[in-house]
Protein chains: 2
Amino acid sequence: MAKLDLFKFVPFRLNRLAAEVSAALSSEYQARYGLDIPEWRVIATLGFRNDACSAQYIAHCTRTHKSTISRAVTALMTRDLIERVENASDRREFRLRLTQRGHALYEELIPRLLRKEREILSCLSAQERKDFAGLLGKIEASLELVQTSKAASETEAY
Amino acid sequence: MAKLDLFKFVPFRLNRLAAEVSAALSSEYQARYGLDIPEWRVIATLGFRNDACSAQYIAHCTRTHKSTISRAVTALMTRDLIERVENASDRREFRLRLTQRGHALYEELIPRLLRKEREILSCLSAQERKDFAGLLGKIEASLELVQTSKAASETEAY
DNA sequence: TTAAGATAGTCTCATTTGCAACCATCTAAA
DNA sequence: TTTAGATGGTTGCAAATGAGACTATCTTAA
């Protein structure tokens, strides 16, 4: 007779852990800066890259639906945290980038989030953290969640 | 100047990985059996425990909101997959358990899900899988997502 | 016994989000 | 060219879900 212990079932554990970790982080960007998760992902993507990029690019690399990104972009523009400029070579898309205010928010938020991440992982030794990152990477690669060298060049096209 | 690479940021990676793994599994319980995630959690909890338990217990141990569980219970009852009996000693709560049909579905579904889990983790060696489970466990424990011996006895009260 | 507070479960409401239709624009092939 | 199909982005709609009010019931202490 088949049995499945939810508490030992990796998919369930990942779901629960991700939800818990997200909740812990949201107190930073949500409560303090009024950003929801999609908005934070837009800010994070634009802040990390120095060049402007399209909404589609953000949707692809954060694995978020394009309509969700579209709404986040609208909200962030009305708050003057990002701006968009027309792309002369392709008038369908817009190039997005942080405004000065957006940059300031990014600079203020990032250290807080990195501190939270350290807190959450502080139960692991340095070696264990490294191992954990490596194992996550292997699973991501096998699910094609990360860019192989081939896929990376395709991503550039976005 | 602070920077944060989303692709190396563990909270983001956990979210993305959990979403991807869930999507891979949902093709089993969703497409084939018409169960959504909350419904599957109710089935899984009832199938694993031999005794009947309350909706509140399921909500607590799967970390799902009680209103979500309530809806899942209603849906599963109309499909005759679970049944509930009054609890004479506390008439506020109901004891839930799988019906025969529910048991049959459980027996059919579990091997499929376990196979999927194996597939997803097949990119890791046996030792790596063990390590990964152990590291997950440490993080869960530090976030109090799992029952310590003390918390376990409290859980019994549900 | 009574009253205050806790708890189980349901229900309504508001929010979030994915889907898909849609428009504008681009690309490629006839 | 012209046309068919692909792509970027927006929006309306529906489904899912959490918050919190609410009822019924239980518990505890005055």
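- Side-chain nitrogen and oxygen atoms of B/Arg95 include none within less than 4.0 Å of the OP1 or OP2 phosphate oxygen of C/dG9.
- Across the protein-nucleic acid pair, A/Ile82 atom CD1 and D/dG9 atom P stand 11 Å apart, rounded to whole Å.
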Just distance, no hydrogens or angles: give the donor-acceptor pairs under 3.5 Å from side chains in residues 118-127 of chain A, sequence neighbours left out.
from, atom 1, to, atom 2, distance (Å)
A/Ser122, OG, A/Glu119, O, 2.6
A/Ser125, OG, A/Glu128, N, 3.1
A/Gln127, NE2, A/Asp131, OD1, 2.9

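- Between the P atom of D/dC26 and the CD atom of B/Glu86 lies a distance of 10 Å, rounded to the nearest Å.
- Atom-to-atom, CG of A/Asn15 to P of D/dT17 comes out at 11 Å; the value is rounded to the nearest Å.
- Between B/Lys116 and B/Glu28, some side-chain heavy-atom pair lies under the 4.5 Å cut-off.
- C/dT7 atom C1' lies 13 Å from atom CG of B/Asn87, rounded to whole Å.
- Remark: B/His65, B/Ser67, B/Thr68, B/Arg71 in residues 64-81 of chain B come within less than 4.0 Å of DNA chain D through at least one heavy atom.
- Between A/Asp90 and A/Asp36, it is A/Asp36 whose nearest contact on DNA chain C lies nearer the 5' terminus.
- Two residues are said to be in side-chain contact when any heavy atoms from C-beta on lie closer than 4.5 Å; A/Trp40 and A/Leu25 fail this criterion.
- Checked against D/dC26, C/dC26, D/dG8, the side chain of A/Glu93 finds its nearest nucleotide in D/dG8.
- When rounded to the nearest whole Å, the span between CD of B/Gln30 and P of D/dA15 equals 13 Å.
- Between A/Val10 and B/Phe132 there is a side-chain heavy-atom pair separated by less than 4.5 Å.
- A donor-acceptor contact under 3.5 Å links the side chain of B/Arg92 to the base of C/dT7.
- Using a 4.0 Å cut-off between charged side-chain N and carboxylate O, A/Glu20 and B/Arg63 make a salt bridge.
- Look at CD on A/Glu39: it is 12 Å from C1' on C/dT16, rounded to the nearest Å.
- In this structure, B/Arg91 atom CZ and C/dT10 atom P are separated by 16 Å, rounded to whole Å.
- Connection of B/Leu46 to B/Leu113 is established within a shared hydrophobic cluster, with ILVMFWY side chains joined at heavy-atom distances below 4.5 Å, either directly or through further cluster members.
- The phosphate of C/dT17 has neither OP1 nor OP2 within less than 4.0 Å of any side-chain N or O from A/Arg41.
- The interatomic distance linking A/His60 (NE2) with D/dA6 (C1') rounds to 13 Å, in whole Å.
- Hydrophobic clustering, with ILVMFWY side chains joined whenever heavy atoms are under 4.5 angstrom apart, groups B/Leu4 together with A/Leu98.
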